[in-house]
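First comes the structure, then the notes that go with it.
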Amino acid sequence: MKRHIPGAQFFDDKKVAVLGLGVSGRAAIQALATHTSAELGAWDQSPSALATITSSQVAHSYACHDGGELVADVIAWQPDLVVIAPGFRQTGVEWQALRQAQLPVWSEIELAWQLRSCSSDGQYAPWLCVTGTNGKTTTVAMLESILQSAGRRACAVGNVGKPAVTAVSDVSEDAPEVVAVELSSFQLAATFSMEPTAAIVLNLADDHLEWHASRSEYAAAKASIYERTHIACLYPVGDSVVQDMVDNAEVIEGARAIGLSLGIPSRGELGFVEDAAVDRAFIPNAHRSAAELFTLADIAHLTPAGYDLPAHIVKDALAAAALARSIGVEPEAVSQGLRQFHSASHRIELVGNVEGVSYIDDSKATNAHAAQASLRAQDKHSTVWIVGGLAKGATFTDLVARVEDRLAGVVVIGVDQSPWRAALQNLQVPVTFIDNSAPEPMDEAVHEAHRMAKAGQTVLLAPASASQDQFASYSERGEKFEQAVRDLQNAGREG
């Protein structure tokens with residue numbers, strides 16, 4: 001069935017500035033050049049980024065490391081709107097100047113919504129949207145697996161997988177029938193017309209406070225995912241902060257608030273009866289019956305070595321199941337999709353054992369919320385913790401207080417270690433700070449942790465911080481950790 005993009009005509013005679021030429025910026029230019037007649041401009045802080053842009057529709061381009069000069073050139077071009085990359089902070093000079101110039105600022109997600117394709121009978125692919133401080137990637141990946149098990153052409157997009165604008169503007173016969181959309185607060189801050197079929201905020205804790213002007217702006221960006229929802233606003237039962245977001249959202253008439261619980265669900269909720277996840281929301285006669293969706297055995301293969309099945313994995317699976325059920329996916333596809341799902345790398349992975357000490361890579365724990373989950377799963381006084389990196393405006397005193405009883409030692413990496421010095425100053429276990437100019441900080445951290453740890457204990461990389469001060473990504477940070485552990489193992493064999 002032939003597809004088309006009704007929203008493309010909006011861009012006729014428009015000048016569109018794309019600020020930031022990373023993955024999302026390049027995808028935005030490609031989609032606009034392919035599907036619209038807009039006049040395009042491209043800006044980046046790196047001159048080499050401009051070389052990646054070849055479209056003849058790019059009428060103007062400019063590169064400058066200085067953010068003030070860069071955005072001044074954008075404004076001088078007099079665009080009708082600006083598609084901004086998430087790398088530009090809401091607190092930065094670029095955002096402030098664009099607001100003062102009263103220019104509309106769009107995320108790549110907003111552009112994707114405007115450029116989504118529909119079938120010849122006017123049907124659009126549903127958007128099932130996920131945000132939260134922790135668990136987004138796992139949830140959308142689980143959801144993608146469930147949808148594909150149900151025979152739907154589905155893909156995970158947004159903060160994971162291919163750029164959203166690339167996927168949803170597809171007009172071929174292979175275009176996705178439904179999309180699982182992972183959304184960061186950065187993306188949501190400049191998204192204003194998206195209408196999710198179903199949406200969820202998994203959880204909320206301090207994160208990215210250097211990007212937003214305040215905690216309230218961070219929370220407001222997350223809460224905006226519920227706006228204009230059509231079918232279901234999902235929320236964790238007992239989380240009053242997230243429930244308030246649902247209560248205050250302006251939704252499409254008929255949308256329902258659906259609670260998710262690890263306990264026995266009430267009518268209108270999903271939850272657990274013993275080891276089975278059940279649906280009492282998306283079924284007929286929910287007042288007196290429930291549909292089994294999956295059992296804990298279906299996700300047991302996701303249990304990290306040496307751990308019990310973590311509660312956060314169970315919660316993510318339940319969220320994915322609920323999103324799928326909101327568009328009528330059958331229970332059998334839920335359980336099958338979860339059985340076929342496998343976790344991404346660098347999330348609570350046992351990477352080796354050296355002289356009786358286990359080494360666990362949770363480099364993906366890039367905030368305090370995720371790091372706490374890893375540490376609370378450990379035995380008391382058993383863990384040498386490797387932490388540090390880009391703090392993103394966070395402080396860690398409360399985190400340390402909550403996990404102190406799990407610690408046998410701490411090793412701190414990262415360029416700016418001041419938040420950790422403040423948080424760890426009264427800790428009654430050994431603490432070592434790795435020189436922030438060390439050429440191989442992870443090697444030094446692993447060797448120091450090896451020196452601290454005793455047989456039967458665990459060395460856990462759960463940094464509670466982003467990676468980009470000393471590594472290209474959390475993946476590279478995890479790979480460096482794994483390599484350092486292998487080097488320890490090899491040294492032991494040679495010795």
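We use all heavy atoms of the structure for the numbers below, so side chains are in, but hydrogens, waters and symmetry mates are not.
Tyr235 places no side-chain N or O within donor-acceptor distance of the main-chain N or O of Ser240, the cut-off being under 3.5 Å. Side-chain N or O atoms of Asp44 include none that pairs as donor or acceptor with a backbone N or O of Ala49 at under 3.5 Å. Glu476 places no side-chain N or O within donor-acceptor distance of the main-chain N or O of Tyr474, the cut-off being under 3.5 Å. A donor-acceptor contact shorter than 3.5 Å is absent between the side chain of Arg339 and the backbone of Asp298. For Glu444 (side chain) and Ile413 (main-chain N/O), no donor-acceptor pair under 3.5 Å exists by modelled atom type.
Tested against Met142, the residues Val130, Leu323, Leu147, Asp316 include a single side chain to side chain contact (heavy atoms under 4.5 Å, CB included) partner, Asp316.
At a threshold of 4.5 Å between non-hydrogen side-chain atoms, the residues Ile360 and Ile348 count as touching. Looking at Pro163 and Val23, their side chains come closer than 4.5 Å, going by heavy atoms from C-beta outward. In this structure the side chain of His342 reaches within 4.5 angstrom of the side chain of His301, judged on heavy atoms. Side-chain contact between Ser61 and Ile53 is absent, with no heavy-atom pair separated by less than 4.5 Å. In this structure, the side chains of Thr191 and Trp113 stay at 4.5 Å or more apart for every pair of heavy atoms. In this structure, Gln470 and Met442 have side chains that are not in contact, with every pair of non-hydrogen atoms separated by 4.5 Å or more. Side-chain contact between Pro463 and Ile386: absent, with no pair of heavy atoms (C-beta onward) separated by less than 4.5 Å. Considering only heavy atoms from C-beta on, Gln100 stays 4.5 Å or farther from Ile75 through its side chain.
Atom-to-atom distance recorded for Asp362:CG and Leu350:CG is 12.5 Å, nearest 0.5 angstrom. To the nearest 0.5 Å, atoms NZ (Lys315) and CG (Asn134) are separated by 10.0 Å. From Leu296, atom CG reaches atom CD1 of Ile313 across 11.5 Å, with rounding to the nearest 0.5 Å. Of the inter-residue distances, the one linking Leu19 atom CG with Trp106 atom CH2 reads 15.5 Å to the nearest 0.5 angstrom. How far CD of Gln148 is from OG of Ser145: 6.5 Å, rounded to the nearest 0.5 Å.
Side-chain polar atoms of Arg477 and Ser363 form a donor-acceptor pair below 3.5 angstrom. Side chain to side chain, Arg99 and Gln96 fail the donor-acceptor criterion of an N or O pair below 3.5 Å. Of the N and O atoms on the side chains of Ser48 and Ser46, at least one donor lies less than 3.5 Å from an acceptor on the other residue. Remark: the Thr432 side chain and the Glu448 side chain contain an N/O donor-acceptor pair separated by less than 3.5 Å. Counting only N and O atoms by type, the side chains of Asp487 and Gln483 include a donor and acceptor under 3.5 Å apart.
We find that Asp416 and Arg421 are not joined by a salt bridge, their nearest charged nitrogen and carboxylate oxygen being 4.0 Å or further apart.
Across all non-hydrogen atoms, the minimal contact from Trp385 to Ala462 is NE1-O, 2.8 Å. Smallest separation of non-hydrogen atoms from Lys136 and Gly132: NZ-O, 2.8 Å. The two residues Ile109 and Gly158 come nearest to each other via the heavy atoms CD1-CA, 4.2 Å. Closest approach of Ala464 and Ala371 over heavy atoms only: CB-CB, 3.7 Å. For the pair Ala484 and Asp443, the tightest heavy-atom approach, listed with the atom from each and the gap, is CB-OD1, 3.5 Å.
The aromatic ring centroids of Phe88 and Trp95 lie 6.0 Å or more from each other.
Using cut-offs of 30° and 60° for the angle between ring planes, the Phe396 and Trp420 rings count as parallel.
No more than 12 heavy atoms of other residues, nucleotides or ligands lie within 6.0 Å of CD1 in Ile264, so this atom counts as exposed by the packing criterion.
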